[in-house]
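Here is the naming used below: chain letters follow the sequence lines, and residue numbers restart at 1 for every chain.
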Number of protein chains: 2
Amino acid sequence: MNVPLFQDYSGRLSRLAMEECVARELRADARRNRARVLAVAAEVFAAEGLGVPIHEIARRAGVGTGTVSRHFPTKEALYEAILLERMERLTAEADAMAASEEPGEAFFRFFATLVHEGATNRGLAEALAGAGYDLDTAGVEAGHDISGRLRTLLAMAQQAGSVRSDVEYADVKALMVGCQAHPGGGTDKAALDRIISIVCSGLRTP
Amino acid sequence: MNVPLFQDYSGRLSRLAMEECVARELRADARRNRARVLAVAAEVFAAEGLGVPIHEIARRAGVGTGTVSRHFPTKEALYEAILLERMERLTAEADAMAASEEPGEAFFRFFATLVHEGATNRGLAEALAGAGYDLDTAGVEAGHDISGRLRTLLAMAQQAGSVRSDVEYADVKALMVGCQAHPGGGTDKAALDRIISIVCSGLRTP
DNA sequence: TAAAATCCGGGATGAACGTCCCGCTTTTCC
DNA sequence: GGAAAAGCGGGACGTTCATCCCGGATTTTA
């Protein structure tokens with residue numbers, strides 16, 4: 001699993017969901033360790049990207065590498081477990097926006113939310129940008145379909161005439177990655193908002 | 001590291017330039033091999049990205065790995081040698097555009113050129129995306145300062161009122177990376193042009 | 001053409017990681 | 001309280017690479 005990080009995603013998340021159910025029956029110390037690993041990994045991946053070795057995560061969590069790989073048989077599985085929680089929150093936000101706002105506004109706001117999310121989370125940005133991980137399939141099985149929400153919001157915004165009708169989902173995704181690639185994205189909020197405004201104004205119907 | 005030949009550490013590309021000068025005095029077979037490696041590497045990196053192992057490049061070039069690492073002591077050095085040629089061409093194009101077109105048009109055209117370049121060259125796109133290589137410092141010593149040309153064109157376009165005055169160079173670079181990240185960038189030219197038009201319209205003064 | 005300079009091939013080396021395994025410890029359950 | 005079950009630590013192993021090295025081949029030189 002060295003070079004092609006997160007390449008094959010078919011059916012992975014459903015397995016994860018299964019693992020989540022079984023987690024209830026873990027021994028007390030195991031449950032504690034699992035939670036600690038998850039927390040540390042989320043923090044480390046967000047701050048330093050997916051390149052951080054498992055050994056390092058284990059070290060910072062104060063456990064052995066075996067403990068990590070027992071709970072998460074693969075580095076990929078570990079990151080999926082982290083993403084799952086995050087995606088759940090984001091899809092919920094998308095649904096709230098879709099229900100309560102004008103379609104165009106909902107789309108632009110969700111877009112901005114996703115950009116901010118990735119800009120302050122290096123691991124997520126890498127996952128989204130990476131030639132491996134695919135937002136489009138991840139989380140679908142678990143019911144947290146960010147890609148689907150974004151597609152829906154885009155279609156609604158186009159229907160309402162707020163977004164250029166020739167824009168496609170892939171365009172939006174690429175632009176999202178670009179915004180997240182902004183240097184100092186996590187620290188320079190003004191720059192991030194500026195680039196978002198540039199892109200959104202480009203997406204708007206003239 | 002091959003110490004005796006590449007001792008000048010004043011800058012990566014000046015070291016390269018030195019190597020280029022010395023290349024004239026190489027033995028005939030060495031010169032031939034060097035050229036073949038360079039050509040194969042350019043092709044392979046463009047098609048498959050920078051992740052391709054040196055061994056693989058040596059194999060496809062029909063030489064041993066030692067031959068590659070003797071001519072290019074580092075993988076980075078190899079890719080710099082490739083970039084150098086490409087950057088030379090791009091800066092020339094930039095200068096031509098700057099001289100013959102209206103500032104706004106020159107900027108947008110050069111931007112589009114860079115995006116197309118990266119979209120059809122996976123290695124270049126990866127390099128630009130910041131996976132270990134920095135457009136902003138690369139080539140400056142050798143006189144092929146793409147970053148500088150882009151900055152200049154941006155400033156001129158803003159001066160002429162064609163581009164939003166609050167846009168910064170970093171924004172442009174990030175947007176460029178995003179456009180290049182478009183799936184099927186190399187194959188779907190229509191999609192590429194569409195995303196470029198979106199971004200450019202966002203950059204334009206309202 | 002033969003010695004000398006130069007270069008070649010590709011195996012050796014070493015570092016970085018992900019994953020697996022097993023002897024020992026902690027928890028659980030009766 | 002004690003035995004069985006579950007989990008732990010961290011070293012071992014297998015891979016993947018970039019880079020180095022050296023015996024031998026090739027080119028240059030005189």
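- Look at B:H71 and you'll find a side-chain N or O under 4.0 angstrom from OP1 or OP2 of C:dC8.
- Between B:D193 and B:K189, at least one side-chain nitrogen of the basic residue sits less than 4.0 Å from a carboxylate oxygen of the acidic one, meeting the salt-bridge criterion.
- By the side-chain hydrogen bond (donor to acceptor under 3.5 Å, both in side chains) test, B:D188 is found to be paired with no residue, residues two or more places apart in sequence or in another chain being considered.
- Contact annotation: B:T67 reaches the phosphate of C:dG9 (side-chain N/O to OP1 or OP2, under 4.0 Å).
- A salt bridge does not link B:R151 with B:E168: every distance from a Lys NZ or Arg NE/NH1/NH2 to an Asp or Glu carboxylate oxygen is 4.0 Å or more.
- Between the P atom of C:dC8 and the CZ atom of B:R70 lies a distance of 5 Å, rounded to the nearest Å.
- Across the protein-nucleic acid pair, B:R36 atom CZ and C:dC8 atom P stand 11 Å apart, rounded to whole Å.
- A:R34 places its CZ atom 17 Å from the P atom of D:dA6, with the value rounded to the nearest Å.
- Between the CD atom of A:E48 and the P atom of C:dC17 there is a distance of 12 Å, given to the nearest Å.
- The nearest heavy atom of DNA chain D to B:R32 and to B:G66 marks one nucleotide each, and the one closer to the 5' end goes with B:G66.
- Contact check, B:N33 against C:dC7: no side-chain N or O comes under 4.0 Å of OP1 or OP2.
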Tabulate below the donor-acceptor pairs under 3.5 Å that side-chain atoms of residues 36-49 of chain A make, not counting sequence neighbours, or state none.
from, atom 1, to, atom 2, distance (Å)
A:E48, OE1, A:R60, NH2, 3.4
A:E48, OE2, A:R60, NH1, 3.1
A:E48, OE2, A:R60, NH2, 3.1

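- When rounded to the nearest whole Å, the span between CD1 of A:I57 and C1' of C:dG18 equals 12 Å.
- A:D171 has a carboxylate O that lies under 4.0 Å from a charged side-chain N of B:R194, or vice versa, which qualifies the two as a salt bridge.
- Atom-to-atom distance recorded for A:T113:OG1 and A:E93:CD is 5.5 Å, nearest 0.5 angstrom.
- Between A:E25 atom CD and D:dA5 atom C1' there is a gap of 14 Å when expressed in whole angstrom units.
- Classification of A:R31 and A:E25 as a salt-bridged pair fails, no side-chain N sitting under 4.0 Å from a carboxylate O.
- With rounding to whole Å, B:E56 atom CD is found 10 Å from D:dC17 atom P.
- Checked by distance alone, A:T65 brings a side-chain donor or acceptor within 3.5 Å of a matching partner on the base of D:dG11.
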With the criterion being N/O to N/O and under 3.5 Å, what pairs connect the protein with nucleotides 28-30 of chain C, and how long is each?
from, atom 1, to, atom 2, distance (Å)
C:dT28, OP1, A:A28, N, 3.2

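- Counting to the nearest Å, the P atom of C:dA16 and the NE2 atom of A:H55 are 12 Å from each other.
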